[in-house]
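Before any comments, here is the structure.
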Amino acid sequence: MSKKEHEKSSVRYGMVIDLDKCTGCMACAVACQEENNISFLKDDSIKTRSINWMRIYKLENGKKYPEHRHVILPRPCMHCDSPHHSPCTFVCPVNATQRDEETGIVNQVYPRCIGCRYCMAACPYYARNFNWWDPTWPKDMVEMLNPDVSTRMRGVVEKCTFCSHRLLKAKDKARVNGENPKGIEYTPACVEACPTGAIVFGNLHDPESEVAKLSKDKRAFRLLEKLKTEPKVYYLSSHEWVRKQGDNDLK
Amino acid sequence: MKINRRAFLQFTAGAIGGTLLSPLPWKLADDTAIWSQNWSWRPKSQPGETTWDYSICRFCPGGCGIKVRLIDAKRAVSITGNPNSPLSMGGLCPLGRSGLQFQYSPARVPAPLKQTSRRGDIRGLKPISWDEAIGEIVKTLKKLDNESETNAVAWITGDTSGSMVQFIDYFLLNYGSPNHFHMPSAVDNQKLVNMAMQGFNQPLGFDIERAKLILNFGASLLEGWGSPVRNQKTFIKAVQDGRTEYIHFDWRESITSSRATQWIPVKPGTQAALALGLCHVIVKEGLYNREFVEANCFGFEDWEDKEGNKHRGFKANVLKEYSPSKVAGLTGVPAEKIAQLARKFSKEGPSLAIWGTGSQNNPANFYEEMAFISLNALLGNINKPGGVINQPPVPLKPFEEALTEGTHRKELEELRIGRDTLEEFPFPGNAIYAALEEIAGSEHSQVKLLFLYEANPAYCLAEPKAYSEAISKIDTVVSFSSFLDESSINADLILPNHTPLERWDDFITPATSPFAFYGISKPVLNPVKKTRHTGDVLIRIAKALGGEIVKNFPWSDYQAVLKWRLEGIAEASEGRALEGEDVSRVMLTHARLEPNFKTADELWKKLTSGAFWVKLPDTTSETKFKTPSGKLELYVQKLKRDKFKKWNDRLFVANFYPLEPSGKKDKFPYLLIPYEIMQLTSCRVANPPFMTKLLDDTLLKRKELFVHVNPATAREARLSEGARVTVETPVGKGIVKVHLSEQVAPGVIAMARGLGHSAFDEYIKGKGVNANKLTEVQLDPVTGIGTWWATRAKLTKL
């Protein structure tokens, strides 16, 4: 089924995050907040209320000191590629979230969103965030809002877009240069920010791309594969205890 | 027509049906949605033209190159890494990336402020004009000068990475005060040990790029040690390529431990003993570099001085005192493992021992660093590829050259505060604690006017009460901070400096860098507040003071000072401005770098458009050590013998002499050890909202900080997950919660540094406890430097 669905487009943007290279600095998550004008609260310690597109999890091997080991797992939206629908797009009653079958990116149209949060309930990755309040910034910090991304309003759901505004810019540039904009290479903010190059992004359907090659690496795994959501975000780890936790629920 | 009930209902139904079929209700619903989504109070991002400009990040001593995205050249919207930088190679840490939240922080000082009420009252700080503010300082300085009390002026500097620190020194020298102190730094002690052993008064560099085996004695490579992004880059590249093996010794399963090829847990604070255990095996089994030790080291064997007294050398000491079985008892590392590590370390080359903590502001103890340098020296690992490197100097023009002839250079050293205290030490260093203690202890403080530059001692100093007690005796405290930090709120006058993105500044070789580095950080934005560059203010004050001093300040502003200093590099014609080169390759191969500039102007142009000046170390020729013996001294002759109450030969060679934390073990059964993470800055600025959002809820929840305790220890103390406790040490106490963590060694309370701010903005203020307040400072018996590593503590359930 899924194969048939995908033959429509030769482009499937996806990501590979190498947990062996990740040093847990979280520069990716800061870059994401800055790029996407993500609002913050005076108290961001209540994680069900705090908005974060790139959430950081800690995986532990469950052993005692000194056998204990942990890795840091950054989690953007998985942009699920399951047939016909992603879990979230399937339940949206107003078409506020859809998968662009040209690129595989699951978008979120804020003006359409009615805030019913079905999508949040449907997403097995907790990748979606709800705006419980209107976003506010200290007066001077409004200056640093990125002009390429709109701010959101109270009552809508938001999530990682694979920085699709950067894709639009890259496409425009390609058109101006007379190139084919389809499947054009671009870099999301988190990928650009990673100091160790642990995050790789590109077209999973292009067999020559690094991301396609890495996704077939023997260290590769995806989160909750048992649900058949077909995430387009792959993780790499040389530790079996890490790979095993991919099919557990994130805590 | 008669309207009966039936017709009425028909009409109503028809009207409803008709309206629903028309686009009207849908259009209205849509409009209402759009209208309600665009309330005027909801912030919107404004469009504009994008440009990029270059500078250097100044939020830690790492010196990463940055690229700033500007909209219409007047506001900045993002900061990314500059790939030309040989330190950060295009990367940037979360703090650097959050730089704009400092630029646009609500905690910025809007204009010069004067305290009109009592110190600490934020509402009492009233704006005054720059002329008034400078006038007031000039008046006080003139008055003190007339009363021949120029040494009543003291200065504390927090940012020592650029020329500003020397410029302040120069200003004080001209005015007549020797009392320039800087905030404690990890390199304070290292510089002294390096001076004693090798004769160079500078921090050490480590060629981690080219080492094959790295034994890491506690340096949190991935959590803030040295230049953090350089560490991340090299660490990951080397581990991934299988080029370098990293073996890490630490008490905590940190990210650095978890990522290392091998993590070997050691008892807290015993890494130096382990290093000496390795030395023992290396010496005993004859695995050391005989050629290097014989030709270049002094005091390895026993020796006889001119008077014919016999002295015991390094070899005899280490063989007698540090057998693997004894070291195993001290460190918890099995004896066979120690022997195995020693053999591995001396066999595979180049292998390098590095050391430290995650903290950039924690000087170590004298003998500890001696042990690590000695270990490297045994393998001849000094100024060799993949070894410990003495950083080449940056040939900037020294400020002394600006002194006009006939200037009367005052004999100032004798007037230095804290001198009496430090005179008692065999090899004195950073005197800040000694000075603060002396001021606090005196009835009439010698210091009447204290300046703070990029320093926040009221928060950042371990045992910050040393500072608050001292300033209670000082008439006037002037802060140049850009932010309303703890120290500024408790100052009498604030003369806000431009932020790093608004000012001219420079960056000179950071600690741990094996090559000489120089970069210009340039203003990429126009000042948004009524601030002034502290350098410009000093030039103005110097000119207003009049007399001899005016001639010695020929510059129009601080930018001119930087240009003038740069002439030194142009004249020396050394190094190269790296632009567009593959910097990681340069660092790996150390390919020869030819100068690509002829004049200072040419170099200035390159350095202000994203290039960095670099000079690689000479790792091929013999090192000329500047010690009494002309060799690397394993037995240090520079320590003043008469300053030890009782001395023996063991005091002059590397030994394991940890500073015992005070307090009784039965009253305070645990060790409180602060640690650092990349998402929580403990530098002079408070954590920005971007990073606070990322803190785990097992570290900070609501307003409460969690200390991390091993479950076994918690069970012993009858504490469960989330228990609220008072943590008390001999110097202070605070209320925290407990998180059970297998990452922490039993018996330790691990506390993150960087919370517990009482100033800055509402996003950070009042959250958690300041670990510095619970940390005990001890003066190192050799150097008198205030050091800390662990404090005895107890937990009481609330």
Side-chain angles (χ1 to χ4, degrees), chain A residues 20-21 23-27 29-31 33-35 37-38 40-47 50-52 56 58 60 63-72 110-112 134-151 153 156 189 192-198, chain B residues 33-34 37 39 41-48 71 75-78 80-81 88 91-94 97-98 100-101 103-106 108 222 229 232-233 235-236 240 253 255 258-259 263 265 528 678-679 689-697 700-702 710 742-746 761-763:
Chain A
D20 293 337
K21 278 189 180 178
T23 60
C25 74
M26 308 191 195
V30 170
Q33 293 180 53
E34 191 174 59
E35 179 77 13
N37 297 334
I38 293 175
F40 44 86
L41 302 170
K42 278 170 197 160
D43 179 8
D44 256 325
S45 69
I46 306 305
K47 300 303 178 192
S50 165
I51 297 178
N52 213 341
I56 310 288
K58 185 161 103 180
E60 297 173 285
K63 292 190 179 161
K64 286 194 157 52
Y65 183 93
E67 265 76 49
H68 184 270
R69 293 289 181 283
H70 76 282
V71 297
I72 299 295
Y110 311 120
R112 282 187 196 163
D134 258 331
T136 52
W137 281 269
K139 199 171 129 262
D140 287 352
M141 273 191 212
V142 175
E143 293 279 300
M144 61 181 279
L145 292 179
N146 180 1
D148 304 334
V149 178
S150 66
T151 55
M153 57 297 279
V156 304
E192 187 184 78
C194 182
T196 61
Chain B
I34 290 169
Q37 283 162 5
W39 302 125
W41 60 81
R42 192 175 290 134
K44 279 189 216 49
S45 46
Q46 300 302 327
I71 302 297
R75 61 191 186 94
V77 296
S78 93
T80 61
S88 56
L92 203 56
C93 80
R97 290 214 61 117
S98 304
L100 292 178
Q101 289 199 322
Q103 171 67 26
Y104 297 116
S105 165
R108 283 200 54 185
L222 304 177
V229 178
Q232 273 180 303
K233 288 246 169 202
F235 182 87
I236 287 304
Q240 285 281 311
E253 196 247 326
I255 280 275
S258 211
R259 282 289 160 285
W263 167 51
V528 296
M678 286 291 258
Q679 301 78 39
F690 278 160
M691 275 158 62
T692 305
K693 188 193 265 278
L694 300 173
L695 294 179
D696 206 85
D697 55 4
L700 175 72
K701 194 154 192 180
R702 303 271 188 210
N710 190 290
E742 291 288 0
Q743 284 175 256
V744 181
D761 50 38
E762 50 201 4
Y763 298 93

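Chain A is the first sequence line, chain B the second, and so forth, proteins listed ahead of strands; every chain is numbered from 1.
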Among [options], which has the most heavy-atom pairs under 4.5 Å with chain A?
options: B/M678, B/K233, B/E762; value: B/E762
options: B/G91, B/P106, B/P47, B/S78; value: B/S78
options: B/P94, B/P746, B/S88, B/P265; value: B/P94
options: B/R108, B/Q46, B/Q679; value: B/Q679

Is any side-chain heavy atom of [X] less than 4.5 Å from a side-chain heavy atom of [Y]?
X: A/L145; Y: A/T151; value: yes
X: B/Q232; Y: B/L222; value: yes
X: B/W41; Y: A/T136; value: no
X: A/P138; Y: A/F40; value: yes
X: A/N52; Y: B/L694; value: yes
X: A/N146; Y: A/E34; value: no

So what's closer than 4.5 Å to chain A heavy atoms on [X]: side chain, backbone, both or neither?
X: B/D697; answer: both
X: B/Q103; answer: neither
X: B/R702; answer: both
X: B/L92; answer: backbone
X: B/V744; answer: backbone
X: B/E253; answer: both

Option in [options] with maximal non-hydrogen atom pairs under 4.5 Å from chain B:
options: A/G24, A/S150, A/P147; answer: A/P147
options: A/K47, A/H68, A/E60; answer: A/H68
options: A/R112, A/M26, A/H70, A/M153; answer: A/H70
options: A/D148, A/N37, A/V156; answer: A/D148
options: A/I56, A/I46, A/I38; answer: A/I46

For a side chain to side chain contact (heavy atoms under 4.5 Å, CB included) check, start with the C-alpha distance between B/V528 and A/D140, then their side-chain angles and the critical distance, and finish with the verdict. CA-CA 9 Å; B/V528 296; A/D140 287 352; 5.5 Å; no
Which atom of A/V142 lies closest to which atom of B/R75, heavy atoms considered: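 Taking A/V142 first and B/R75 second, the nearest heavy atoms are O-NH1, 4.3 Å.
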Hey, could you give me the CG/OG distance between B/L695 and A/S50, rounded to the nearest 0.5 Å?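 Between atom CG of B/L695 and atom OG of A/S50 there are 10.5 Å.
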Of the backbone (N, CA, C, O) and the side chain (C-beta and beyond), which part of [X] lies under 4.5 Å from a heavy atom of chain B, both, or neither?
X: A/I51; value: both
X: A/V71; value: both
X: A/D20; value: both
X: A/K139; value: neither

Between A/Y65 and B/W263, ring centroids under 6.0 Å: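 Yes, the ring centres sit under 6.0 Å apart.
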Quick one: list whatever passes side chain to side chain donor-acceptor pair (under 3.5 Å) with B/S98, sequence neighbours left out.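 For B/S98 there are no side chain to side chain donor-acceptor pair (under 3.5 Å) partners, ignoring immediate neighbours.
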Return the set of residues passing side chain to side chain donor-acceptor pair (under 3.5 Å) with B/R42 (not counting sequence neighbours), or none when no residue passes.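 Per chain and number, B/R42 pairs via side chain to side chain donor-acceptor pair (under 3.5 Å) with A/D134.
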